There are 2 protein chains.
Amino acid sequence: MELATTISERAKAASETGGDPTPRQKAVLDAALALIVDPKAALTMSSLARAASCSKESLYKWFGDRDGLLTATVQWQASKVRGMPVRREELGRQTLEASLERFAADWLTVLSGETSVALNRLAIGEAAGGGGRNLGRIVLENGPVAMGRRLRPLLELGREAGLLAFDDAGEAFRDFFGLVVRDVQIRLLLGDRIDLSPSDIRAGAARAARQFLVLYGAGHRPDGPESAS
Amino acid sequence: MELATTISERAKAASETGGDPTPRQKAVLDAALALIVDPKAALTMSSLARAASCSKESLYKWFGDRDGLLTATVQWQASKVRGMPVRREELGRQTLEASLERFAADWLTVLSGETSVALNRLAIGEAAGGGGRNLGRIVLENGPVAMGRRLRPLLELGREAGLLAFDDAGEAFRDFFGLVVRDVQIRLLLGDRIDLSPSDIRAGAARAARQFLVLYGAGHRPDGPESAS
DNA sequence: CCGCAGCCGTAACGTACGGTACGGTACTGA
DNA sequence: TCAGTACCGTACCGTACGTTACGGCTGCGG
């Protein structure tokens with residue numbers, strides 16, 4: 001009973017933070033991100049308190065426990081990445097391909113950033129310890145799922161305009177995911193050194209968009225539909 | 001000086017294990033795999049000694065230190081997965097697609113196995129701590145890189161037979177990677193529950209093979225080459 | 001039979017880290 | 001002036017874990 005009460009209180013504290021982080025708390029979360037990204041620094045409560053010039057007592061008051069801190073950090077980072085919706089310009093095949101390409105380029109840029117790599121590593125490490133962790137779910141929600149939600153309107157517009165042909169938008173998005181990300185993310189997570197210059201990102205995004213249109217473009221080849229028998 | 005000597009001795013011990021693991025050591029490594037896979041058990045030297053009914057002293061004698069143990073475990077698992085080369089049957093478009101599909105299905109099966117997920121999580125967690133870790137490199141070498149090496153002959157054969165058209169086999173393989181894996185691996189690593197029944201694997205493999213042939217098939221659409229621009 | 005090498009089981013040590021407690025300080029409102 | 005609040009800095013506690021050390025058991029060559 002007493003234990004349950006404690007957990008409940010901690011959850012309340014954590015959710016309270018999720019509601020609106022104080023500027024001071026934002027600074028602390030930025031310091032936490034810096035520690036997570038730094039390869040030769042580990043994110044411990046003591047190191048964070050030292051780096052952010054705050055007391056551990058405040059950390060526990062604000063975030064409940066270490067898990068609440070990590071959750072708040074991931075959500076804080078996610079809140080900084082959001083935005084950049086697809087503009088609803090009139091859609092031709094050129095603008096559709098350009099939109100897909102820009103989307104893929106933005107995605108690859110975020111994905112290959114050291115912050116994204118570090119947070120994904122952290123969430124994966126947490127997911128290793130079986131219990132009911134939510135870090136992985138949060139990263140998942142703000143990673144692939146959010147990307148899917150943002151791409152879907154563009155796909156739907158393309159289909160309404162007769163430029164794309166697909167039954168399930170989710171399946172189409174997952175194919176786009178594969179064409180864009182390929183083995184880049186897993187290699188980065190495993191520590192492979194990849195340069196990925198801006199020109200590489202542009203080239204990869206253009207290739208992915210072109211391939212996606214080959215697979216899903218409706219008017220691309222007017223000599224007849226696939227008719228896979 | 002003394003420190004360097006110690007590290008050297010440990011490296012020697014670890015490499016000695018890499019050379020030929022004793023049957024007893026193989027059993028220990030299997031126990032280590034079981035512990036890694038078990039979500040509610042952590043792989044500590046004590047728990048492994050208890051699970052494998054051996055002394056910690058023996059663990060340190062055989063594997064040097066914890067890192068050597070993890071390395072030996074990953075290599076042991078990798079040695080169990082190898083094999084299954086592509087058969088060099090006469091290649092038609094049907095057999096090529098069937099080979100690609102079988103390859104993709106095998107790959108998805110291994111990839112979604114709990115052992116693969118657990119080992120990838122372990123290596124990613126180790127890669128988080130910056131230093132010169134080699135676990136990530138080993139997993140990378142026995143994962144995507146090994147798959148690429150095994151798929152490359154099939155792609156080359158397809159090209160020689162006039163069935164495939166590509167310049168860089170590596171690029172073609174990475175596209176195949178994306179089409180096969182899509183977001184499955186990252187979702188599994190982040191703890192998302194995915195059923196992935198055998199029929200799902202078959203369907204996904206068939207889809208990936210078909211899409212790959214759409215992108216890279218040479219004789220698939222005889223009404224003219226791509227001639228981009 | 002003796003010594004010894006290999007191994008098991010367990011105790012012990014040092015350290016790192018999550019979490020808590022306490023004193024000290026600055027600010028606010030009565 | 002004084003209580004209250006929020007916070008910093010630090011010392012402290014309990015535990016987990018990597019690593020080492022030691023006692024006891026078995027099998028084998030001399």
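Below, chains carry the letters A, B, ... as their sequence lines are ordered, and counting in each starts from 1. These figures come from a predicted structure and were not determined experimentally.
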What is the distance from [atom1] of [X] to [atom2] of [N], rounded to the nearest Å?
{"X": "A/Gln25", "N": "D/dA6", "atom1": "CD", "atom2": "C1'", "value": "12 Å"}
{"X": "A/Leu70", "N": "C/dC17", "atom1": "CG", "atom2": "C1'", "value": "13 Å"}
{"X": "B/Asp65", "N": "D/dC17", "atom1": "CG", "atom2": "C1'", "value": "14 Å"}
{"X": "A/Met45", "N": "D/dG9", "atom1": "CE", "atom2": "P", "value": "16 Å"}
{"X": "A/Arg50", "N": "C/dC17", "atom1": "CZ", "atom2": "C1'", "value": "12 Å"}
{"X": "B/Arg66", "N": "D/dC17", "atom1": "CZ", "atom2": "C1'", "value": "9 Å"}
{"X": "A/Tyr60", "N": "D/dG9", "atom1": "OH", "atom2": "P", "value": "17 Å"}
{"X": "B/Leu59", "N": "D/dC17", "atom1": "CG", "atom2": "P", "value": "15 Å"}

First encountered from the 5' end of DNA chain C, between B/Arg24 and B/Lys56: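 Result of the comparison: B/Arg24.
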Can you tell me how far OG of A/Ser112 sits from CD1 of A/Ile201, rounded to the nearest 0.5 angstrom?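 A/Ile201 CD1 to A/Ser112 OG: 4.5 Å, rounded to 0.5 Å.
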For D/dA6, does either OP1 or OP2 sit under 4.0 Å from a side-chain N or O belonging to A/Trp62?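 For D/dA6, neither OP1 nor OP2 has a side-chain N or O of A/Trp62 closer than 4.0 Å.
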Does C/dC8 have OP1 or OP2 sitting under 4.0 Å from an N or O in the side chain of B/Ser58?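 For B/Ser58, the contact criterion (side-chain N or O under 4.0 Å from OP1 or OP2 of C/dC8) is met.
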Could you work out, with salt bridge (charged side-chain N to carboxylate O under 4.0 Å, His left out) as the rule, every residue matching [X], not counting sequence neighbours?
{"X": "A/Arg24", "result": "none"}
{"X": "A/Arg152", "result": "A/Glu156"}
{"X": "A/Asp192", "result": "A/Arg187"}
{"X": "A/Glu114", "result": "none"}

Shortest non-hydrogen pair, A/Val37 vs A/Ala118, comes out as CA-CB, 4.0 Å
Compare the minimum distances between each of [options] and the side chain of [X], then state the nucleotide with the smallest one.
{"X": "A/Lys61", "options": "C/dC8, D/dT19, D/dC7", "answer": "D/dC7"}
{"X": "B/Ser53", "options": "C/dC7, C/dG9, D/dG9", "answer": "C/dG9"}
{"X": "A/Ala42", "options": "C/dC7, D/dG9, C/dC17", "answer": "C/dC17"}

Can you pull out every salt bridge (Lys or Arg N to Asp or Glu O under 4.0 Å) where at least one residue sits in residues 167-180 of chain A? Sequence neighbours excluded, please. A/Glu171-A/Arg174, A/Glu171-B/Arg182, A/Arg174-B/Asp183, A/Asp175-B/Arg182, A/Asp175-B/Arg207
Sub-3.5 Å pairs of nitrogen or oxygen atoms, protein against nucleotides 22-25 of chain D:
from: D/dC22; atom 1: N4; to: B/Glu57; atom 2: OE1; distance (Å): 2.7

